[in-house]
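Naming: A, B, ... by sequence-line order, numbering from 1 per chain. Values in this document were obtained by computation on a predicted structure and should not be read as measured data.
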Amino acid sequence: MPELPEVETFKRYLDSTSLMKTIKKVEVRDRRILSCTITALKKTLQGKTFKNSIRHGKNLFVDLDSSYLMLHFGMTGDLEAFENKDDEPRYSKVLFEFTDGTFLSYVSMRMFGRVGVVDDMDEYLTEKKLGPDALKMNYTEFKEALNKRSAIAKSALLNQEIFAGIGNIYSDEILFRTRIHPKTKINLLEEEQLKALFKNIKDVLEYGIEHEGELSEYSQDFLIPHRDKEERCPKCGTEIERYEISGRHGFFCPLCQKIAK
DNA sequence: AGCGATGTTCGCCG
DNA sequence: TCGGCGAACATCGC
């Protein structure tokens with residue numbers, strides 16, 4: 001379930017369960033999940049300590065002092081800490097064993113996530129062309145990121161090169177809150193709308209983090225609990241519509257969210 | 001039994 | 001160059 005709020009939740013989970021622990025052994029259950037060689041992963045991690053973790057967008061970096069373990073969770077990634085090796089979860093792809101006898105699994109049902117090592121975090125972000133983190137950016141950076149962009153709002157929010165961390169579900173929520181139609185061209189938004197958009201990006205992502213990405217527990221005032229056919233807009237009661245943009249489907253309220261022209 | 005899915009990437013085309 | 005489209009990737013649950 002990984003958009004920015006979920007990845008931030010994973011970060012906090014990793015921090016509370018595994019920080020300052022030293023890696024005794026790494027076991028790879030399916031090497032297709034790796035973005036580096038199995039040898040490089042083991043060689044880099046063995047004997048290193050999880051000093052700190054840094055989240056940028058949907059990427060989680062674990063500081064090993066001279067390099068980083070990079071975790072991307074794809075569509076189904078998760079982390080699970082446990083104390084007995086017998087408890088290794090289903091779909092565990094990479095198992096980290098610490099010297100204190102505890103474990104951490106990178107879990108993913110599918111093969112869309114990635115685990116690897118990177119020497120230089122900034123270099124990695126540049127290489128992947130990732131924009132500023134959606135939660136950490138300030139208004140100036142937000143405006144700068146959108147500068148000269150003409151994409152429709154939905155695509156812009158999903159584009160990790162503009163800013164990093166927003167995915168399909170939260171982008172719909174942000175647009176709903178800001179009352180922007182997903183197909184509104186981003187460069188047609190007025191200053192007031194941009195300010196509201198910026199604020200709602202923060203508010204929605206922060207709300208998500210506070211609720212640890214538990215979508216089922218979100219307030220009924222949100223669009224998120226109404227992402228379904230025959231659901232009604234929590235603000236005006238109009239039937240929610242389904243739409244599709246480049247193969248991604250989403251939901252919006254046709255009355256609340258009008259196209260700016 | 002087929003379809004859809006919280007992500008990323010790439011080639012094609014306007 | 002930018003941006004939209006659609007497919008590919010992988011695999012399970014509904």
Pair [X] and [Y], ring centroids less than 6.0 Å apart:
X	Y	value
A:Phe50	A:Phe98	yes
A:Phe163	A:Phe142	yes
A:Phe252	A:Tyr243	yes

Would you say the side chains of A:Lys21 and A:Thr49 form a donor-acceptor pair under 3.5 Å?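 Not at all, the side chains of A:Lys21 and A:Thr49 share no donor-acceptor pair under 3.5 Å.
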
Do we see a donor-acceptor contact under 3.5 Å between the side chains of A:His226 and A:Glu231?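 Note: A:His226 and A:Glu231 side chains meet the donor-acceptor criterion.
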
What is the distance from [atom1] of [X] to [atom2] of [N], rounded to the nearest Å?
X	N	atom1	atom2	result
A:Arg31	C:dA10	CZ	C1'	18 Å
A:Leu157	B:dT6	CG	P	15 Å
A:Met109	C:dA10	CE	P	15 Å
A:Lys183	C:dG3	NZ	P	17 Å
A:Glu6	B:dG7	CD	P	9 Å
A:Asn147	C:dC2	CG	P	12 Å
A:Asn187	C:dG3	CG	P	9 Å
A:Glu244	C:dA7	CD	C1'	13 Å

Salt bridge (charged side-chain N to carboxylate O under 4.0 Å, His left out), paired with A:Glu27, selected from A:Lys24, A:Lys25, A:Arg31: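 With A:Glu27 as partner, salt bridge (charged side-chain N to carboxylate O under 4.0 Å, His left out) holds for just one option, A:Lys25.
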
Taking the six-membered ring of A:Phe176 (Phe, Tyr or Trp), confirm whether the NZ or CZ of A:Lys235 is under 6.0 Å from its centre and within 45° of its axis.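 Relative to the ring axis of A:Phe176, which defines the angle, A:Lys235 lies inside both limits.
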
Counting side-chain heavy atoms from C-beta on, which of [options] comes nearest to [X]?
X	options	result
A:Glu3	C:dC2, C:dA10, B:dG7	B:dG7
A:Ile169	C:dG4, B:dT6, C:dT11	B:dT6
A:Arg32	C:dT11, C:dG4, C:dG13	C:dT11
A:Ala151	C:dG4, C:dA10, C:dG13	C:dG4
A:Tyr91	B:dT6, C:dC5, C:dC12	C:dC12

For a 4.5 angstrom cut-off between non-hydrogen side-chain atoms, does A:Ser53 reach A:Lys11?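 A:Ser53 reaches A:Lys11 side chain to side chain.
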
For residues A:Ser105 and A:Glu88, report the shortest heavy-atom separation together with the two atoms involved.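 Taking A:Ser105 first and A:Glu88 second, the nearest heavy atoms are OG-CG, 3.8 Å.
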
Measuring only the P atom in each nucleotide, how far is B:dA1 from C:dA10? A whole number of Å is fine.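 Straight-line distance between the two P atoms is 24 Å.
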
Just the dot-bracket of DNA chain B, please: which string comes out with Watson-Crick or G-U pairs under 3.5 Å, [ ] for crossing, | for another strand? .||||.||||||||

Classify the nucleic acid contact of A:Gly167 as base, sugar-phosphate or nothing, counting any heavy atom under 4.0 Å across all strands shown.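 If one applies the 4.0 Å heavy-atom cut-off, A:Gly167 turns out to touch the sugar-phosphate alone, with no base involved.
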
Report which part of the nucleic acid A:Ser150 touches: base, sugar-phosphate, or nothing (heavy-atom distance under 4.0 Å, all strands).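 A:Ser150: backbone/sugar contact only, no base atoms under 4.0 Å.
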
Just N and O in the side chain of A:Arg90: are any of them under 4.0 Å from OP1 or OP2 of C:dT11?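 A:Arg90 to C:dT11 OP1/OP2: no side-chain N or O under 4.0 Å.
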
Tell me whether the side-chain N/O atoms of A:Ser155 come closer than 4.0 Å to OP1 or OP2 in C:dG4.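 A:Ser155 to C:dG4 OP1/OP2: side-chain N or O found under 4.0 Å.
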
Are there any protein N/O atoms within less than 3.5 Å of an N/O atom in nucleotides 8-14 of chain B, and if so, which ones and at what distance?
unit_1	atom_1	unit_2	atom_2	d
B:dT8	OP1	A:His72	NE2	2.9
B:dT8	OP2	A:Lys58	NZ	3.0
B:dT9	OP1	A:Lys128	NZ	3.2

Co-members of A:Tyr68 in a cluster of I, L, V, M, F, W and Y side chains, linked at under 4.5 Å: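 Result for A:Tyr68 is A:Ile54, A:Phe61, A:Met70, A:Val118, A:Met121, A:Tyr124, A:Leu125, A:Leu130.
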
